[in-house]
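This structure is a prediction, so every number in the text was calculated from the model and none was measured.
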Amino acid sequence: IRLSLVGSEMCIRDSPYLEGSAKVSLSNTRSSLLSSITALSGSIETAIGDGRATMAEKRDVDTRYADFNARLSAFRAAVETANKSIQDKLKSYSDNAQKAADEANNAASSAMEDANEARQSVSDLNKYVDGAFSDGIISGAEAKAIEKYLNTVSQSRKEMDATYTSLYVNPFLSGAPKSALYAAKNSLNTATANLTAAIQSAISDGKTTVTEKEIVDSKFSAFNNACASLATAIENANKAIQQKIKEELFLYLLNKLEET
């Protein structure tokens, strides 16, 4: 019995994930149980040593046996508690990793949504500008409408700044994917600024030339390209974060095992 208990208990007791009161309780109940086994064995050997057992010897054996059963129950309860503690600890690592992964997914989704909204606002602007530039004349009403569209584009970009930052500062994002995300966002900022400046310059005198329209069109194309690059960078950044989280969890668990 002693060897069986020691072997099974050691597998749990030596787990790197068992800590605190559960580990102390397991050790204490084990020691207590082993003491009761020793006492019970001694009592039985004494009772049968001379080939007969007195009532007092029988009572002592019964008492030792009852004590053994009580301590065995306590030990089994401690084993269950220790095992649950280990499982909870492992689950907490997994849950924390999943939480980090979900947060990154949410940040990436928000950044992608904001990028799409910025793209849509520029698309609406592009359609209006095409119509307004078609006759080469920009009326006062058209100029005001264009400025309103530009303000919408500017607001969309500002909203995207917050979601981009949330993704960019993620502690699991580093290296090339982080650099690519930074560069893509800066390119989009530049493309937005260049597009705004080109449109404002084209409409400033109330008329537009073919050259001015060509410049504006090129800025629209540059913006769309920058927006597509940012979408790719956001996707790659999120993939890199998910992979890093998996790697960190694996290495952490591996290091814990190597500590034993």
Would a 4.5 Å heavy-atom cut-off, applied to side chains only, mark [X] and [Y] as touching?
{"X": "E57", "Y": "R52", "value": "no"}
{"X": "F133", "Y": "I203", "value": "yes"}
{"X": "L230", "Y": "M112", "value": "no"}
{"X": "V61", "Y": "T46", "value": "no"}
{"X": "L195", "Y": "L150", "value": "no"}
{"X": "K213", "Y": "T208", "value": "no"}
{"X": "K84", "Y": "T81", "value": "no"}
{"X": "Y149", "Y": "V129", "value": "no"}

Exercise. Provide the full list of side chain to side chain donor-acceptor pair (under 3.5 Å) pairs with a residue in residues 108-122, sequence neighbours left out, each pair given once.
Key: D114-T163, Q120-D124

Exercise. Any pair with a residue in residues 178-189 that passes side chain to side chain donor-acceptor pair (under 3.5 Å), sequence neighbours left out, goes on the list, sorted by first then second residue, please.
Key: D161-K185, Y182-N186, K185-N189

Practice problem: Pick out which of N225, D130, I215, N126 makes a side chain to side chain contact (heavy atoms under 4.5 Å, CB included) with F220. | Solution: N126

Taking all heavy atoms of [X] and all of [Y], pick out the closest pair and write down the distance.
{"X": "E212", "Y": "S201", "answer": "OE2-O, 4.0 Å"}
{"X": "S43", "Y": "R64", "answer": "CB-CG, 3.7 Å"}
{"X": "I146", "Y": "A132", "answer": "CD1-CB, 4.2 Å"}
{"X": "A202", "Y": "V216", "answer": "CB-CG2, 4.2 Å"}

Practice problem: Inspect the surroundings of OH in Y65 and state if more than 12 heavy atoms from other residues, nucleotides or ligands are less than 6.0 Å away. | Solution: no

Quiz prompt | N-O pairing of E235 and K239 below 4.0 Å | solution = yes

Self-check item: Stepwise side chain to side chain donor-acceptor pair (under 3.5 Å) test for Q242 and N238
Solution: CA-CA 6 Å; Q242 303 302 319; N238 187 37; 3.0 Å; yes

Quiz item: Would V169 end up clustered with M160 when hydrophobic side chains under 4.5 Å apart are linked, directly or stepwise?
Solution: yes

Practice problem: Using distance alone, with no hydrogens and no angle criterion, decide if T192 and R157 have a side-chain donor and acceptor under 3.5 Å apart. | Solution: no

Quiz item: Do D67 and S36 have side-chain N/O donor and acceptor atoms under 3.5 Å apart?
Solution: no

